[in-house]
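Being a predicted model, the structure only gives us computed values, none of them experimental. Quick note: residue numbers are just sequence positions, from 1. As the structure lists them, so they are numbered: ligands from 1, and atoms in each ligand from 1.
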Amino acid sequence: MSENGSVGERRQSVRIIGAPTDYGQDRRGVDMGPSAIRYGGLSEGLSEAGVDDEDAGDLLVPRAEERDAQYRTPSKGKAKFLRETEDVCSRLATEVRESIADGYTPLVLGGDHSVAIGTVSGSAADAEIGAIWFDAHGDLNTPTTTPSGNVHGMPLAALLGVKEWDGVDWANAPSLSPENVAIVGLRSVDDAERELLRDSEITAFTMSEIDDRGLDEVVDDALAIANNGTEGYHVSLDLDWLDPTIAPGVGTPVRGGVDYREAHHAMEQVAVDGGMRSMELVEVNPTLDQHNETAELAVELAASAFGKRIL
Ligand SMILES: NC(=[NH2+])NCCC[C@H](N)C(=O)O
Ligand SMILES: [Mn+2]
Ligand SMILES: [Mn+2]
């Protein structure tokens, strides 16, 4: 441990990239996530973690209202704003890829979880990577199976290249291999997602398994899965992973999530492991939040993941 209270020998540099999109779900306001997270003290939190941060600002994302022609004629299946999402994600992927090439660890601020399609595509562009998906949901729907049409319920399926995504650019070269993907905290699954999980090599750790074995052990397993034969992994942190009593500012809350101490401990395990290649904080919706507490929690958890320690 270094003098500034952080873990790891090498001083890390983090590049913050805002992706203020709400195309992927129905609760408006998640596009204000990047502002709320910055206002929640992100830069200070990262400096307490002993990392240098550089803020690349936000991607330009046209308001959904200006795009409703696309909304009415989805380009594939029932997915809403698919073309808009594709546009944002391809620009985001470029930023993420360049950040890594420049020696930074990219930290993407959503936006709804559809932005993961961009973050992970960029992170996986020049390396084999794994992913840990901290989420109440599986995000494994497709334009055909989706119950809602919301792309934030589909990014993991897109990144794994499941066949229903045929013809959509981002799935032509899958970014992730199922055996290197771990979902942690799962407690809300649609029927088609359950089927996909049963037939695939993705590992899903449900809340009931966490109750049984403890989060510490489960996160160790997830890290081993994400590291196995890869050059590091992506951490996707959907704030609805947490219990809604401590993270109310999300569009699709599900009761029975992890608590404050568990969450910090999990992020500390990530920091100690040292293999995180990219990270994103998604689904923070300030219009549903109380006094910005969900955004502040996102900041604290990112600081822990980047190595902040008390002593
Ligand atoms: N990233 C999220 N919060 N996803 C929620 C997805 C909810 C539901 N499974 C759907 O497909 O609509
Ligand atoms: Mn979720
Ligand atoms: Mn999600």
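- Taking 2.8 Å as the criterion, His137 counts as a coordinating residue of the Mn ion (ligand 2), since one of its N, O or S atoms falls below it.
- Protein heavy atom at the shortest distance from atom 10 (C) of ligand 1 is Ser148 OG, 3.5 Å.
- When hydrogens are left out, the protein atom nearest atom 8 (C) of ligand 1 is Asp190 OD2, 3.6 Å; that is the closest non-hydrogen contact.
- His152 ND1, 3.3 Å is the protein heavy atom nearest to atom 2 (C) of ligand 1.
- More than 12 heavy atoms of other shown residues, nucleotides or ligands fall within 6.0 angstrom of atom CD in Glu54.
- In terms of N/O distances under 3.5 Å, ligand 1 is not approached by Asn150.
- With a cut-off of 2.8 Å, the Mn ion (ligand 3) has no N, O or S atom of Glu283 in range.
- In this structure, Ile117 CD1 and Ser175 OG are separated by 9.5 Å, a value rounded to the nearest 0.5 Å.
- The protein heavy atom nearest to atom 11 (O) of ligand 1 is Asn141 ND2, 3.0 Å.
- Exactly one of Lys78, Lys80, Gln25, Arg27 qualifies for a side chain to side chain donor-acceptor pair (under 3.5 Å) with Asn150. That residue is Lys80.
- Looking at Asp135, its N, O or S atom nearest to the Mn ion (ligand 2) turns out to be OD1.
- In terms of protein heavy-atom proximity, atom 4 (N) of ligand 1 is nearest to Asp139 OD1, 3.0 Å.
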